[in-house]
Amino acid sequence: MAKYTKQDILNLIEEEDIEFIRLQFTDIAGNLKNMATTVDQIGKILDGRCRFDCAAVDGFRGADYEELFLVPDLDTFVIFPWRPQNGKVARFICNIEKPDGTPFDGDSRYILKKVIKEAKEMGYSLDVGIKHEFFLFDLDDNGQPTNHSSERGGYFDVGPTDEGENTRRDMVLYLADMGIEVESSYHLDEASQHALEIAYRDALTMADSIMTTRLVARTVAKRHGVHATFMPKPRKHVKGSGAHYTFSLSKNGKNIFSSYSDIHGISKEGYQFMAGMLSHMAAMSLVTNPIVNSYKRLIPGYLAPVAVGWSFTNDSPLIRMTSIGGDGARIVLRSPDGAANPYLVIASCLAAGLQGIRDGMEPPKSMEESEGDNLQGNLPRTLHEAVKLFQQDDFLRDKLESHISNHLVRTKEEEWNEYCQQVTLWEQEKYL
């Protein structure tokens with residue numbers, strides 16, 4: 001990750017002929033937002049004096065102030081590679097501050113930074129990798145996205161069966177230009193379903209990278225005449241799309257999840273961190289799986305997790321522990337999906353894991369040892385159930401702070417109530 005000073009930014013703007021700056025931030029729901037300015041405003045930008053109307057953003061309105069300030073993280077400065085090379089467009093990812101200069105507690109990036117600081121005070125740093133799963137669907141005659149595609153590729157297929165390989169290639173190239181390393185990209189099991197695996201990065205950089213990857217994927221797809229969707233379950237009778245997060249914790253540059261004395265290569269701290277995560281996973285579903293459609297993916301028979309358990313070898317656990325490969329021991333969380341806010345996902349997992357280490361928690365038996373017995377219950381089956389479980393978890397609500405926690409509960413209850421008012425095609429066909 002680059003380490004820029006204000007003068008470095010000014011030099012780059014002049015050298016690269018940059019004309020427009022986009023100030024990006026993420027709302028509580030995990031949607032990328034931005035405000036565009038010209039380079040004439042660079043002084044105000046670098047001084048953190050760019051204001052925006054917080055009443056226009058869901059979750060930011062209703063505070064005691066009318067405006068918030070976008071304060072750029074200088075190290076997130078990159079040029080958009082798909083925009084014109086004359087009069088280039090660059091971006092900053094911004095922190096959000098109140099008029100008095102203190103962090104805005106509705107800023108999910110601030111929440112993650114706060115938990116990272118907690119880890120640092122304990123001597124730890126978190127590295128994160130991710131596998132993005134998504135579909136590439138056709139557009140209709142009006143240019144609107146559908147959930148259909150004529151493509152019929154399968155796992156690891158090549159062109160011409162894999163009609164998305166050129167689209168993925170451009171995604172990988174653009175992400176590389178923006179400093180994001182894609183370890184691999186490939187076609188997944190379902191027709192028109194694809195994966196991008198992003199290399200390990202520190203926790204904050206990875207959350208930023210996830211938001212950037214979603215933007216790049218959608219932008220490139222549109223340029224190729226298709227639509228990229230991270231919707232968890234866009235079609236029935238097919239496997240949904242997840243976002244598999246991989247975690248490793250380091251101390252003094254050493255992966256503390258690894259141990260040569262354990263038969264599986266996992267340290268005491270690794271098991272404790274996982275135990276902390278497992279103790280909050282059902283309630284954390286409101287963060288990792290935040291929309292009604294998320295729970296259409298988390299059902300038996302489609303390789304998605306349904307039980308709060310872990311495994312070394314099972315093909316569909318909530319958490320997989322592994323020490324295979326040169327990266328040492330790692331924890332893979334398979335429940336999140338692309339609708340989730342990555343800042344809140346990583347913050348919740350890190351906070352829960354640190355609690356597991358502090359309290360010396362022990363995980364339940366693995367799925368292999370328990371012969372399939374579910375010792376810690378199931379994940380919620382609906383968004384409504386997820387809201388109720390989240391409300392009961394004081395630890396998680398405290399870590400996300402009241403502004404975000406209350407907003408999640410209120411808006412997700414509203415979403416569930418709106419969903420319950422719908423009469424679906426399935427209901428009409430079954431009951432009419």
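As the structure is a computational prediction, the values presented were derived from the model and not from experiment. Positions are given from 1 along the sequence.
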Less than 4.5 Å apart, side chain to side chain, heavy atoms only: is that true for [X] and [Y]?
{"X": "D162", "Y": "E151", "answer": "yes"}
{"X": "P305", "Y": "L298", "answer": "yes"}
{"X": "N95", "Y": "Y110", "answer": "no"}
{"X": "L400", "Y": "L344", "answer": "yes"}
{"X": "S348", "Y": "L396", "answer": "yes"}
{"X": "I404", "Y": "D105", "answer": "no"}
{"X": "V182", "Y": "I198", "answer": "yes"}
{"X": "K98", "Y": "L68", "answer": "yes"}

Could you check whether [Y] and [X], counting side-chain N and O atoms only, form a donor-acceptor pair closer than 3.5 Å?
{"X": "D208", "Y": "T205", "answer": "no"}
{"X": "Y200", "Y": "E183", "answer": "no"}
{"X": "Q421", "Y": "N417", "answer": "no"}
{"X": "D337", "Y": "S294", "answer": "yes"}

Distance-only, no hydrogens or angles: does the [X] side chain make a donor-acceptor pair with backbone N or O of [Y] under 3.5 Å?
{"X": "S402", "Y": "D398", "answer": "no"}
{"X": "T167", "Y": "A221", "answer": "no"}
{"X": "D359", "Y": "M361", "answer": "no"}
{"X": "S250", "Y": "G253", "answer": "no"}
{"X": "K412", "Y": "P290", "answer": "yes"}
{"X": "E415", "Y": "V292", "answer": "yes"}
{"X": "R214", "Y": "G338", "answer": "yes"}
{"X": "R109", "Y": "C94", "answer": "no"}

Nearest-0.5 Å distance that lies between atom [atom1] in [X] and atom [atom2] in [Y]:
{"X": "K44", "Y": "C50", "atom1": "NZ", "atom2": "SG", "result": "6.0 Å"}
{"X": "T37", "Y": "L23", "atom1": "OG1", "atom2": "CG", "result": "5.5 Å"}
{"X": "F104", "Y": "F60", "atom1": "CZ", "atom2": "CZ", "result": "5.0 Å"}
{"X": "L383", "Y": "E413", "atom1": "CG", "atom2": "CD", "result": "9.5 Å"}

Could you check whether atom [atom1] of [X] has more than 12 heavy atoms from other residues, nucleotides or ligands sitting under 6.0 Å from it?
{"X": "K222", "atom1": "NZ", "result": "no"}
{"X": "N86", "atom1": "CG", "result": "no"}
{"X": "E418", "atom1": "CD", "result": "no"}
{"X": "I324", "atom1": "CD1", "result": "no"}

Discussion item. Enumerate the salt bridge (charged side-chain N to carboxylate O under 4.0 Å, His left out) contacts for residues 229-250, please, sequence neighbours excluded, ordered by first and then second residue.
Written reply: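 Listed by first then second residue: D189-K239, E190-K239.
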Worksheet entry | Residue pairs fulfilling salt bridge (charged side-chain N to carboxylate O under 4.0 Å, His left out) with at least one residue in residues 14-38, sequence neighbours excluded |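 Every salt bridge (charged side-chain N to carboxylate O under 4.0 Å, His left out) pair that includes a residue of residues 14-38, provided the two are not neighbours, is E16-K88.
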Item to complete: Sequence neighbours left out, what passes ring-ring contact (aromatic ring centres under 6.0 Å, His included) with Y295? Give chain and number order.
Response: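 Here no residue qualifies.
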Worksheet entry | By ring-ring contact (aromatic ring centres under 6.0 Å, His included) - contacts of Y124 (at least two apart) |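 Per chain and number, Y124 pairs via ring-ring contact (aromatic ring centres under 6.0 Å, His included) with no residue.
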Sequence neighbours left out, what passes side-chain contact (heavy atoms from CB on, under 4.5 Å) with [X]? Give chain and number order.
{"X": "T229", "result": "F135, F137, H227, M231"}
{"X": "E121", "result": "K117"}
{"X": "A329", "result": "F257, S258, I266, S323"}
{"X": "T161", "result": "D157"}

Worksheet item: Parallel under 30°, tilted from 30 to 60°, perpendicular over 60°: which one fits the rings of Y271 and F312?
Response: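 Aromatic pair Y271/F312 classed perpendicular.
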Item to complete: Assign the ring pair F395 / H280 to parallel, tilted or perpendicular, where the plane angle (0 to 90°) is split at 30° and 60°.
Response: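 Rings of F395 and H280: parallel, as their planes differ by under 30°.
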Discussion item. So, applying side chain to side chain donor-acceptor pair (under 3.5 Å) with S241, which one of H194, R297, Q193, H132 is it?
Written reply: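 The side chain to side chain donor-acceptor pair (under 3.5 Å) with S241 is passed solely by Q193 among H194, R297, Q193, H132.
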Worksheet item: In chain order, what residues pass the side-chain hydrogen bond (donor to acceptor under 3.5 Å, both in side chains) check against D107, with sequence neighbours excluded?
Response: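 Testing D107 for side-chain hydrogen bond (donor to acceptor under 3.5 Å, both in side chains), a comparison that skips the adjacent residues, returns none.
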Worksheet item: With Y302, which residues qualify under side-chain hydrogen bond (donor to acceptor under 3.5 Å, both in side chains), at least two apart?
Response: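 Partners of Y302 under the side-chain hydrogen bond (donor to acceptor under 3.5 Å, both in side chains) test: none.
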Run the salt-bridge test on [X] and [Y] with the 4.0 Å N-O cut-off and return the result as yes or no.
{"X": "E165", "Y": "R169", "value": "no"}
{"X": "R358", "Y": "E118", "value": "yes"}
{"X": "E385", "Y": "K388", "value": "no"}
{"X": "D127", "Y": "R330", "value": "no"}

Worksheet item: When the aromatic ring centroids of H384 and Y419 are compared, is their separation below 6.0 Å?
Response: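 No, they do not, as the ring centres are separated by 6.0 Å or more.
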Worksheet item: Where do R397 and D393 land on the side-chain contact (heavy atoms from CB on, under 4.5 Å) test, with the steps shown first?
Response: CA-CA 6 Å; R397 289 174 59 85; D393 194 314; 5.5 Å; no
Worksheet item: Given L204 and Y343, is the side-chain contact (heavy atoms from CB on, under 4.5 Å) satisfied, shown in steps?
Response: CA-CA 8 Å; L204 183 63; Y343 299 100; 4.3 Å; yes
Fill in: salt bridge (charged side-chain N to carboxylate O under 4.0 Å, His left out) partners for R223, two or more places apart
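Listed in chain order: nothing, the list is empty.
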Worksheet entry | Under the salt bridge (charged side-chain N to carboxylate O under 4.0 Å, His left out) test, residues paired with K120 that sit two or more places apart |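 Partners of K120 under the salt bridge (charged side-chain N to carboxylate O under 4.0 Å, His left out) test: none.
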Discussion item. Run M171 and S185 through side-chain contact (heavy atoms from CB on, under 4.5 Å) and show every step you take.
Written reply: CA-CA 9 Å; M171 292 176 185; S185 67; over 6 Å; no
Discussion item. Determine whether L333 and L318 satisfy the following criterion, side-chain contact (heavy atoms from CB on, under 4.5 Å), listing intermediate values before the conclusion.
Written reply: CA-CA 6 Å; L333 178 64; L318 172 63; 3.8 Å; yes
Discussion item. So which atom in I116 and which in A203 form the shortest heavy-atom distance, rounded to 0.1 Å?
Written reply: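 Heavy atoms of I116 and A203 come nearest at CD1-CB, 3.9 Å.
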